[in-house]
Amino acid sequence: LEAELRLAREQAEIVQSTWRAVLPVGDTFAELFYGRLFALDPQLRRLFRGDMVEQGRNLTAMLSVAAANIARPEKISVALRQLGKRHASYGVERRHFATLEDALVFALEHALIDVFTAEVKAAWQAAYALLSSAMLAEITPRAPAPAP
Ligand code: HEM
C-alpha cells in the first residue's frame, strides 16, 4: 500500500475509539447508513441481496475490519484485494466508493454527534481511503458503451 495512505497513530486510535462508541448504537447506525446510501443512489439497493439484518452485519463487519487493522494495513492487503474482487462480482463499480464514503460520514456524524469533530472526520476518511485503494486495485473501470 502506498506510504501516503498510512494513518498516523493518532488517526488509527481515533477510528478505533469512535468505532467502539458507535457499536452500542449499531442498529441505528446501520439504518442511518443504508437510508443515506439508498437516498444518494437508489440503484444501489438491488446490489444488496440479503435482508436489512444481513446488510447491517456486512456494515458492522466492514467497520470492525477497518478499526481493528487500520494501523497495520500490510496485514490485510491481500484480504482487501480479494474483498475488492468479490465486490466487482457483486456489481460494485469504482464510482460507488465515493457514494459509500458520503453515507459513512453521514452516519458517523449522526451517531457520534458532538464527538464527530473535523479531526474524527479526517481520520475516518483516511481509513476509508486506505481500505478503498486496496479494493479498487481489483475493480476495473466499467467498459465504455460501444460507439454508435
Ligand atoms: C472500504 C470499502 C468497503 C469495505 C471494507 C466493504 C466490506 C464488505 C464486506 C466485509 C462484505 C461482506 C461480504 C464479503 O466479505 O465479500 C461486503 C459486502 C457487500 N458490499 Fe461492501 N465494502 C466496501 C465498499 C462497498 C461499496 C463501495 C459498495 C457499493 C455500494 C459495497 C457493496 C457491497 C455489497 C452489494 C455487498 C454484498 C451484499 C449482499 O450480498 O447482499 N461495498 N462489503
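Each ligand, and each atom within it, is numbered from 1 in the order the structure gives. The first residue in the sequence is number 1, and the count goes up from there.
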**Student:** Would you check if L130 and L7 make a side-chain contact, meaning some heavy-atom pair closer than 4.5 Å?
**Tutor:**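 The answer is yes, as the side chains (C-beta and beyond) meet within the 4.5 Å cut-off.
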**Student:** Could you tell me whether R49 and ligand 1 have an N or O pair separated by under 3.5 Å?
**Tutor:**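 N/O-N/O distance under 3.5 Å: yes.
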**Student:** So, does S64 use its side chain to make a donor-acceptor pair with the main chain of A61 at under 3.5 Å?
**Tutor:**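 No, S64 side chain to A61 backbone: no donor-acceptor pair under 3.5 Å.
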**Student:** Evaluating non-hydrogen atoms only, which member of I139, L104, L83 is closest to atom 10 (C) of ligand 1?
**Tutor:**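 Minimum heavy-atom distance to atom 10 (C) of ligand 1 goes to L83.
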**Student:** With a cut-off of 4.0 Å, which atoms of ligand 1 are near a heavy atom of H96?
**Tutor:**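 Per the distance check, 27 (C), 29 (C).
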**Student:** Please classify the Y90 to ligand 1 contact at 4.0 Å (heavy-atom distances, strictly less than): side chain, backbone, both or neither.
**Tutor:**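 It is the side chain that touches ligand 1; the backbone stays farther off.
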**Student:** Which residue and non-hydrogen atom of the protein lie closest to atom 34 (C) of ligand 1, and at what distance in Å?
**Tutor:**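 Scanning the protein heavy atoms, the shortest distance from atom 34 (C) of ligand 1 goes to F48 CE2, 3.6 Å.
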**Student:** Aromatic contact between F48 and Y34, with the criterion being ring centroids under 6.0 Å apart: yes or no?
**Tutor:**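 Aromatic pair counts; centres sit under 6.0 Å.
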**Student:** Verify, without hydrogens or angle tests, whether H110 (side chain) and F106 (backbone) share a donor-acceptor contact under 3.5 angstrom.
**Tutor:**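 Yes.
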**Student:** Would you mind telling me if ligand 1 is within reach of the side chain of V65, the backbone, both or neither, using heavy atoms under 4.0 Å?
**Tutor:**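 None of V65 does.
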**Student:** D41 versus R95: any side-chain heavy-atom pair under 4.5 Å?
**Tutor:**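 Of all side-chain heavy-atom pairs linking R95 with D41, at least one is under 4.5 Å.
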**Student:** Measure R86 to ligand 1 on non-hydrogen atoms and call it side chain, backbone, both or neither using the 4.0 Å cut-off.
**Tutor:**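 Just the side chain.
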**Student:** Please state which protein non-hydrogen atom is closest to atom 26 (C) of ligand 1 and give its distance, to 0.1 Å?
**Tutor:**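 The protein heavy atom lying closest is L100 CD1, 3.4 Å.
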**Student:** Need the ligand 1 atom indices (1-based, order shown) with element for anything under 4.0 Å from a heavy-atom of L131.
**Tutor:**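 Every atom of ligand 1 under 4.0 Å from some heavy atom of L131: 1 (C).
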**Student:** Got the closest protein heavy atom to atom 5 (C) of ligand 1, with its distance?
**Tutor:**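 Atom 5 (C) of ligand 1 sits closest to the protein heavy atom M62 CG, 3.4 Å.
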**Student:** I need the atoms of ligand 1 closer than 4.0 Å to a non-hydrogen atom of L47, numbered in the order shown.
**Tutor:**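 Heavy-atom distances to L47 below 4.0 Å select 35 (C).
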**Student:** Determine the minimum heavy-atom distance between I139 and V92, stating which atoms define it.
**Tutor:**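 Heavy-atom minimum between the residues: CG2-O, 3.8 Å.
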**Student:** Applying a 4.0 Å heavy-atom criterion (strictly less than), which segment of L44 is in contact with ligand 1: side chain, backbone, both, or neither?
**Tutor:**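 L44 to ligand 1: side-chain contact only, backbone stays beyond 4.0 Å.
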**Student:** If you have a sec, work out which protein heavy atom is nearest atom 38 (C) of ligand 1 and how many Å separate them, to one decimal?
**Tutor:**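 Sorting protein heavy atoms by distance from atom 38 (C) of ligand 1 puts N58 ND2, 3.4 Å first.
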**Student:** Are side-chain heavy atoms of F29 and W19 found at a separation under 4.5 Å?
**Tutor:**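 They are in contact (side-chain heavy atoms under 4.5 Å apart), so the answer is yes.
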**Student:** Just to confirm my output: which protein heavy-atom neighbour is closest to atom 21 (Fe) of ligand 1, and how far is it?
**Tutor:**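 Looking only at protein heavy atoms, the one closest to atom 21 (Fe) of ligand 1 is H87 NE2, 2.0 Å.
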**Student:** State, yes or no, whether a side-chain contact exists between R36 and D102 at a heavy-atom distance under 4.5 Å.
**Tutor:**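 Counting from C-beta outward, R36 and D102 never come under 4.5 Å.
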**Student:** For atom 2 (C) of ligand 1, which protein heavy atom lies nearest, and how many Å away is it?
**Tutor:**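 Nearest protein contact, heavy atoms only, for atom 2 (C) of ligand 1 is M135 SD, 3.5 Å.
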**Student:** If we check side chain to side chain contact (heavy atoms under 4.5 Å, CB included) with L131, which of these qualifies: N69, I76, L63?
**Tutor:**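 Checked N69, I76, L63 against L131; only one passes side chain to side chain contact (heavy atoms under 4.5 Å, CB included): I76.
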**Student:** Which heavy atom of S132 sits nearest a heavy atom of F97, and at what distance?
**Tutor:**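 Nearest pair, atom of S132 first, then F97: OG-CD2, 3.6 Å.
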